[in-house]
Amino acid sequence: MRLSSIKLLLLCTIFFSSVSFSEAQTNFFEGYHVSASHDTVRGFIENRSTARNFLSCMYKQSPGNNATVLRPADIESFGIGKEMVFEKYTFKDKNGNELTGFFKVLVRGKLTLLTSGKRYFVLTDKKELHEISQQVEEASGAMKENRAGFGALKVLMKDCPKTDEGYLTREYSDTHLKDIFVVYNECVGATKFVSNDIKAKTYVDFGIQLLPSLARMNEGLPMNNSDMSSSKTLAGGAYLSAFLPGSFQKMRVLLELNYYQYTGYGFYHYQNYNTGTNTTTLINNDVFVKYTALQVPLLIRYGNRFFADIGLQNHLNISTTAKWRTETITPGYVTTSYDYPAILPKVLSTGVLIGGGAKFEVGLLPVRVFARYGRSGSNLFSGKPGYQIMSIGLSVQLTKSQK
């Protein structure tokens, strides 16, 4: 197993152990949008990044409804909770290019600070829109700061002694613009609104699962030219499913712990030619393997009613025993020998896992049925997928269903 995979697994384990279990939390918060006819429609708005909200917002009438995409042509503005407001504006640059979208209101007052997520703008009390981003441009082969934004602020804020040229020279940057506008609007007694980011809490769902599986392995060195037979097994364990705020609404991160046993048989043979006696010896080998294993898949699940899984298959064989029967066939005689069971070393390996399934509500408990395939390997297997497992899974989520 690579060191990066181990680090990733440890970090996710620490993460899952540090977050708290909670009831339904999603990226959708109570909010509203204002229609073209200036009617306020209340509901739930997805709390996405400012850049993603610039061209559209996601609206639900209630948490259980499907989301509707609303664009600048559909509505005038929208708000999320009491902390965030987005309003439709059109900015026209000196070349006549137009930029239309939902600008986030960072500070509202006599001078209002807006952002598209990447650029910053000032809206005057005369509804004039000017870009004030701290821009660095290439001029004559060298990078040079464009001071147009600084100059605009110096002129617009000249009626406040606190935001004089010396103050702006020290503070002017994109990261300080919000503070600058708060200072200015408080100075002129016109502060009306200051936005605050809204953050959903990470929550974790917990469940148990059974995985009737078909497992297969190759036997490892030195017999690396044969595959073991498949073995039916009933694997099972538990899982943690985390929703990460700000990520895609239908995306979850899962960490599982599953246990299973494997019993397999493999056969291989080879020939030895003795030049001295001019004879050929045929050697047949049977190998019998039993082992127990833990699998700790770390995966991304996308979807709700129907979902797809992809991720890492981390595999640790806890105990492995193997014994051999060797049959040597030469002209005139056959000999058979048996080797005592050998305990093979523990092997920690990683690979890939893919699958998908569907979710059903059984009473108050979400139940998922899924199919998946996982494979992993290590240096014992000469590049072959040392462990392979195909499973049909049934999981029961023991925490409240998330919408």
Side-chain angles (χ1 to χ4, degrees), residues 33-34 36 47-57 70-80 83-188 190-198:
H33 66 81
V34 178
N47 183 24
R48 304 185 300 176
S49 68
T50 302
R52 289 182 65 197
N53 275 334
F54 185 73
L55 294 178
S56 67
C57 76
L70 299 176
R71 297 181 172 85
D74 305 317
I75 61 175
E76 297 297 317
S77 63
F78 64 90
I80 305 174
E83 308 293 333
M84 297 171 65
V85 176
F86 291 79
E87 297 177 345
K88 180 176 70 174
Y89 292 102
T90 297
F91 171 72
K92 184 179 293 186
D93 64 20
K94 61 183 179 181
N95 297 320
N97 300 315
E98 290 189 349
L99 180 68
T100 300
F102 295 118
F103 291 77
K104 182 179 180 181
V105 180
L106 294 177
V107 181
R108 191 192 302 282
K110 182 179 179 181
L111 294 180
T112 296
L113 177 63
L114 307 172
T115 180
S116 65
K118 297 180 180 179
R119 299 160 64 180
Y120 294 84
F121 304 82
V122 57
L123 179 69
T124 69
D125 53 0
K126 296 180 181 180
K127 302 302 179 183
E128 297 171 341
L129 199 59
H130 306 276
E131 183 169 6
I132 55 170
S133 303
Q134 184 185 33
Q135 297 174 330
V136 178
E137 301 174 347
E138 185 174 354
S140 302
M143 303 306 292
K144 184 178 180 181
E145 182 182 351
N146 183 335
R147 303 289 289 178
F150 174 83
L153 285 184
K154 186 171 66 172
V155 173
L156 292 170
M157 294 185 172
K158 64 182 180 180
D159 55 336
C160 171
K162 293 184 178 180
T163 53
D164 58 14
E165 184 174 357
Y167 171 83
L168 292 176
T169 300
R170 293 192 308 271
E171 300 296 328
Y172 175 68
S173 69
D174 286 353
T175 56
H176 291 160
L177 283 175
K178 187 174 180 180
D179 294 334
I180 291 172
F181 272 71
V182 170
V183 170
Y184 170 78
N185 282 293
E186 287 179 348
C187 176
V188 298
T191 302
K192 299 178 181 178
F193 171 81
V194 179
S195 71
N196 292 301
D197 290 337
I198 299 174

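Residues Val194 and Lys178 form a side-chain contact, since some pair of their non-hydrogen atoms from C-beta on lies under 4.5 Å apart. For the pair Pro72 and Phe102, the minimum side-chain heavy-atom distance is below 4.5 Å. The side-chain heavy atoms of Thr112 and Lys192, taken from C-beta on, include no pair separated by under 4.5 Å. Proximity of Val107 to Tyr184: side-chain heavy atoms (C-beta onward) are nowhere separated by under 4.5 Å. Taking the side chain as every heavy atom from C-beta outward, Val105 and Leu114 approach each other to under 4.5 Å. Annotation: side chain of Asp159 is in contact with side chain of Lys110 (closest heavy-atom distance under 4.5 Å). With contacts defined as side-chain heavy-atom distances shorter than 4.5 Å, the pair Phe181/Leu153 qualifies. Counting only heavy atoms from C-beta outward, the side chains of Leu70 and His33 approach each other to under 4.5 Å.
The nearest pair of heavy atoms linking Glu165 to Thr169 is O-OG1, 2.6 Å. What you find for Cys160 and Val188 is that their closest heavy atoms are CB-CG1, 4.3 Å. Considering all non-hydrogen atoms of both residues, Thr191 and Val182 come closest at OG1-O, 4.0 Å. In terms of heavy atoms, Ile132 sits closest to Ala152 at CG2-CB, 4.3 Å. Of all heavy-atom pairs spanning Asn196 and Met84, the tightest one is O-CG, 3.4 Å.
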side-chain contact (heavy atoms from CB on, under 4.5 Å), that's the test. Do Val183 and Glu171 meet it? Break it down for me.
CA-CA 11 Å; Val183 170; Glu171 300 296 328; over 6 Å; no
Worked check of side-chain contact (heavy atoms from CB on, under 4.5 Å) between Cys57 and Ile75
CA-CA 10 Å; Cys57 76; Ile75 61 175; 4.0 Å; yes
Take Ser195 and Val85, measure what side-chain contact (heavy atoms from CB on, under 4.5 Å) needs, and give me the verdict at the end.
CA-CA 8 Å; Ser195 71; Val85 176; over 6 Å; no
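Rounding to the nearest 0.5 angstrom, the gap separating the NZ atom in Lys92 from the CG atom in Leu129 is 12.0 Å. Tyr89 OH to Leu99 CG: the interatomic distance, rounded to the nearest 0.5 Å, is 14.0 Å. Here the straight-line distance linking atom OH of Tyr172 with atom CD1 of Ile180 works out to 8.5 Å at 0.5 Å rounding. The structure places CG of Leu111 at 7.0 Å from CG of Asp125, a figure rounded to the nearest 0.5 Å. Here the CZ-CZ distance, from Phe91 to Phe103, works out to 8.0 Å after rounding to the nearest 0.5 Å. Rounding to the nearest 0.5 Å places CG of Asp93 at 8.5 Å from CD of Glu131.
A distance-only check finds no donor-acceptor pair linking the side chain of Thr115 to the backbone of Lys104 [under 3.5 Å]. Within the 3.5 Å criterion, the main-chain N or O of Tyr120 finds a donor-acceptor partner in the side chain of Ser133.
Annotation for Glu83: atom CD counts as buried by contact number, over 12 foreign heavy atoms lying within 6.0 Å.
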